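One structure is given here, and the rest of the page talks about it.
Quick note: numbers below take in every heavy atom, side chains included, and nothing from hydrogens, waters or symmetry partners. All residue numbers refer to positions in the sequence shown, counting from 1. Keep in mind that this is a model prediction, so the values were computed, not measured.
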Amino acid sequence: MSDFVPQEVIFQILSHLPVETLINCTLVCKEWYALITSSSFINAHLAKTLAKPLISQPILTRRFTDSPKKEHYFLHLNHKSLDTCQAIKKSPLKPIENLYPRVVGTVNGLICLSDDLFGYTDKILLWNPLVRRSMELPMPNVNYKDVGPHSFILGFGFDAKKNDYKVVRLLYPQSEEGNPPKVEVFSVMEKKWRMISGEGIKFCFVEPGWTQCFLNGRVHWIAYEKNTRGGGRNWVLLFDMEDEKFRKMKLPQPVDTTNPMNVFISVTRGVLTVCSYYSLSLDIEADDRYCDIWEKTQTGWVVGLTGNDELLIATDDHGGSAFLSRFEVRSGNLVLYDPKSRKTNLVVQPQGVIDAFFAGEYIESLVFLDKESGATSYEVAKIEEKRKSAISDSEGSAKHVLEEDRSMMGSSSNDSDEEEEEDGLFGRNGLAFQKMIAFSVQLQKMM
């Protein structure tokens with residue numbers, strides 16, 4: 001085929017195909033293998049994927065079963081109903097005690113996993129499940145041997161200026177309470193950690209329930225700042241992946257004074273979203289449990305939202321919500337709930353540990369397929385054997401049927417809604433967040 005069709009035309013045709021088809025295309029001949037695994041093709045394919053509508057991108061879910069102890073990852077290809085899904089092979093990260101890792105976040109097809117929920121392992125992994133390649137990060141510069149007991153948070157994002165994926169780590173030694181964190185950044189391009197300044201960061205974070213998200217080149221966390229009167233105020237702390245500087249953003253009232261343990265941040269359809277959970281009773285077992293969802297521009301434990309404004313909610317085995325149960329080992333279902341009709345439309349994932357449920361938008365990509373990335377394949381021998389066999393049998397012209405191009409993922413990082421420093425965007429009243437829904441969902445009545 002290459003003898004009759006110009007290389008530029010082949011490049012353009014292949015760059016529109018989904019990842020699974022392209023992996024099969026690497027078996028056709030040496031020329032196609034070299035083309036598809038080149039960094040120029042990987043970048044071009046990703047650019048086309050990011051240009052597609054946000055609503056077309058799939059949703060990634062993770063479920064962990066306690067008996068047997070096993071992780072399950074799925075890609076839900078229908079963003080609206082979630083009724084079509086593709087199972088993903090288990091992650092290459094082996095957590096301690098055969099439990100589950102933290103899903104830090106996803107960017108451009110890479111999933112960042114951290115084994116920090118159940119001990120000090122300093123094991124962090126970047127993983128592209130569709131190309132079956134991963135990269136285990138080296139030991140950070142500062143760890144338990146250096147500072148003893150500590151807490152830390154992670155952020156995962158992309159430096160578009162340098163075409164580089166980065167992980168930022170803020171570490172708080174218990175012996176240095178009140179001091180700024182020790183901050184270091186890992187660069188996939190540099191393949192190492194390096195220390196940067198943490199001066200001026202006066203924020204604290206909730207352990208182990210912190211959340212992060214990546215939007216418009218910046219990592220976002222929910223943080224809180226203590227005051228001398230014993231109270232505090234919640235903020236959004238941002239880290240810019242390009243200039244590696246920290247900034248802060250105001251939250252609307254009353255989210256800014258809510259218990260930070262009950263405030264979580266995410267990106268939904270390219271929009272920064274904050275969920276705030278609360279109860280009108282001091283009794284944590286009471287039935288009046290609520291969730292307010294705020295979006296920057298315009299519940300059970302709300303894990304995510306779909307293209308139909310339905311909620312992904314983790315509910316316990318008794319039909320109630322998972323609210324205020326994040327530190328208990330409880331099992332339940334991940335369900336799709338319509339706040340307008342107050343009905344559960346679909347059980348997306350059955351019977352998993354509630355704290356282990358994860359749902360987030362996912363971008364299909366070939367990132368890590370090129371050798372220059374330094375990522376390793378946990379099925380490389382099998383893939384190479386198939387490729388050599390196909391080339392040998394067909395002398396470079398293996399029979400292959402090109403599948404139809406399917407409309408897949410958009411990019412949360414393409415959204416034009418830029419964050420500025422606190423007074424630049426939000427004004428002095430911090431009102432740029434609006435409630436996505438005009439009422440608080442009474443979680444106990446969801447089922």
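Ring orientation note: the planes of Tyr73 and Trp127 are nearly perpendicular, at an angle over 60° on the 30°/60° scale. By the 30° and 60° cut-offs, the orientation of the rings of Tyr100 relative to Phe118 is perpendicular. The aromatic rings of His72 and Phe74 lie parallel to each other, with less than 30° between the two planes, well short of the 60° mark.
The closest donor-acceptor contact from the side chain of Thr258 to the backbone of Pro254 lies under 3.5 Å. In terms of modelled atom types and a separation under 3.5 Å, the side chain of Ser114 and the main chain of Cys112 share no donor-acceptor contact. A donor-acceptor pair under 3.5 Å is absent between the side-chain atoms of Asn234 and the main chain of Asn259, judged by distance alone. Side chain of Ser365 to backbone of Asn108: a donor-acceptor contact under 3.5 angstrom is found. Judged by distance alone, the side chain of Tyr120 and the main-chain N or O of His150 form a donor-acceptor pair under 3.5 Å.
Residues Gln57 and Ile363 form a side-chain contact, since some pair of their non-hydrogen atoms from C-beta on lies under 4.5 Å apart. Looking at heavy atoms from C-beta onward, Trp193 lies in side-chain contact with Leu137 at the 4.5 angstrom threshold. For the pair Leu60/Glu361, no side-chain contact is recorded, criterion being any heavy-atom separation below 4.5 Å from C-beta on. Side-chain contact between Leu110 and Phe156 is present, with heavy atoms from C-beta onward closer than 4.5 Å. The shortest distance between side-chain heavy atoms of Met135 and Leu125 does not fall below 4.5 Å. Counting heavy atoms from C-beta on, the side chains of Val183 and Met195 never come closer than 4.5 Å. Contact check for Ile124 versus Glu136: no side-chain heavy atoms found under the 4.5 Å cut-off. With a 4.5 Å cut-off on side-chain heavy atoms, Met241 and Val168 count as touching.
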Chi angles and distances behind the side-chain contact (heavy atoms from CB on, under 4.5 Å) call for Asp256, Lys250: CA-CA 8 Å; Asp256 60 343; Lys250 286 182 178 178; over 6 Å; no
Asp240 vs Arg218, salt bridge (charged side-chain N to carboxylate O under 4.0 Å, His left out): CA-CA, chis, key distance, verdict: CA-CA 4 Å; Asp240 192 301; Arg218 295 171 178 175; 3.3 Å; yes
Residue pair Leu22, Val131: steps toward the side-chain contact (heavy atoms from CB on, under 4.5 Å) verdict: CA-CA 10 Å; Leu22 288 170; Val131 302; over 6 Å; no
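Salt-bridge annotation for Glu242 and Lys162: absent, with no side-chain N of the basic residue lying under 4.0 Å from a carboxylate O of the acidic one. Taking 4.0 Å as the cut-off between side-chain N and carboxylate O, Arg169 and Glu184 count as a salt-bridged pair. Remark: Arg247 engages Asp243 in a salt bridge, criterion side-chain N to carboxylate O under 4.0 Å. The pair Asp159-Lys166 meets the salt-bridge criterion, with a side-chain N (NZ, NE, NH1 or NH2) lying under 4.0 Å from an Asp/Glu carboxylate O. Using a 4.0 Å cut-off between charged nitrogen and carboxylate oxygen, Glu71 and Arg63 do not count as a salt-bridge pair. We find that Lys182 and Asp146 are not joined by a salt bridge, their nearest charged nitrogen and carboxylate oxygen being 4.0 Å or further apart.
When the options Phe239, Phe203, Trp235 are evaluated for a ring pair (Phe, Tyr, Trp, His ring centres under 6.0 Å) with Phe246, the one that passes is Phe239. When each of Thr211, Leu170, Val206, Ile265 is paired with Trp221, the side chain to side chain contact (heavy atoms under 4.5 Å, CB included) condition holds for Leu170 and for no other. Remark: of the listed residues Val219, Val107, Val188, Asp164, Val107 is the sole one forming a side chain to side chain contact (heavy atoms under 4.5 Å, CB included) with Phe158. The residue from Leu130, Thr61, Ile59 that alone fulfils the side chain to side chain contact (heavy atoms under 4.5 Å, CB included) condition with Tyr362 is Leu130. Arg102 pairs with exactly one of Asp115, Asp355, Asp116 by the salt bridge (charged side-chain N to carboxylate O under 4.0 Å, His left out) rule, that one being Asp116.
Listed here is the closest heavy atom pair of Phe264 and Gly209: CE2-O, 3.5 Å. Contact detail for Asp370 and Ser39: the closest heavy-atom pair is OD2-CB, 4.3 Å. In terms of heavy-atom proximity, Glu199 sits nearest to Pro180 at OE1-CG, 4.0 Å. In plain terms, the two heavy atoms of Ile42 and Val367 that are nearest each other are CG2-N, 3.9 Å. Across Glu177 and Lys226, no two heavy atoms sit closer than the pair OE2-NZ, 4.4 Å. Annotation for His45 and Ser15: closest pair CD2-O, 3.2 Å, computed over non-hydrogen atoms.
The local environment of NZ in Lys192 is sparse, with at most 12 non-hydrogen atoms from other residues, nucleotides or ligands closer than 6.0 Å.
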